[in-house]
Amino acid sequence: MVQGTLDMLVLKALVMGPAHGHTIARVIEQTSEDVLQVEQGSLYPALHRLEDRGWLQAYWGTSENNRKAKFYRLTTAGKKQLAFETNRWREMVRAIGLVMGD
């Protein structure tokens, strides 16, 4: 995964609604057609970092297999950050495309 993109991908995965860590990783992997693999050792520190920044809010709930799980939801600040990150990513992709001659 390109360095610095995990936060943006986590925020994007939560646009459809709250989810727990395993589901967030699955959404990213499935949406990318399994090109992007999310390691737990990277995901959970990212979730805590995003929560500390106020971009996610966490709460305890019950997962689909009836187990206690920590769920995450986007905050208003998280939605704004996602918009910022998305624009920055598109600018970067455009610039790299120009350099590569695409």
Residue pairs involving residues 75-84 (criterion side chain to side chain donor-acceptor pair (under 3.5 Å); sequence neighbours excluded):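 Of all non-adjacent pairs touching residues 75-84, those that pass side chain to side chain donor-acceptor pair (under 3.5 Å) are Q81-E85.
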For [X], which residues count as a side-chain contact (heavy atoms from CB on, under 4.5 Å) partner, sequence neighbours excluded?
{"X": "D34", "value": "E29, Q37"}
{"X": "T62", "value": "N66"}
{"X": "N65", "value": "S63, R67"}
{"X": "A58", "value": "E51, K70, Y72"}

Hydrophobic cluster identity match, V38 and L56, side-chain contacts under 4.5 Å: yes
Cluster check V15, F84: I/L/V/M/F/W/Y, side chain < 4.5 angstrom: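 No: no chain of side-chain contacts under 4.5 Å links V15 to F84.
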Separation between CH2 of W89 and CG of L82, rounded to the nearest 0.5 Å: 13.5 Å
Salt bridge (charged side-chain N to carboxylate O under 4.0 Å, His left out): pairs with one or both residues in residues 53-66, sequence neighbours excluded: D7-R53
Residues forming a side-chain hydrogen bond (donor to acceptor under 3.5 Å, both in side chains) with Q30, sequence neighbours excluded: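 With neighbours one apart ignored, the set is empty.
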Counterpart residues, side-chain hydrogen bond (donor to acceptor under 3.5 Å, both in side chains), relative to E33 (two or more places apart):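 Testing E33 for side-chain hydrogen bond (donor to acceptor under 3.5 Å, both in side chains), a comparison that skips the adjacent residues, returns none.
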Side-chain hydrophobic cluster, 4.5 Å single linkage: members besides F71: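 Y59, which link up through side-chain heavy atoms under 4.5 Å apart, make up the rest of the cluster.
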Residues forming a salt bridge (Lys or Arg N to Asp or Glu O under 4.0 Å) with R26, sequence neighbours excluded: none
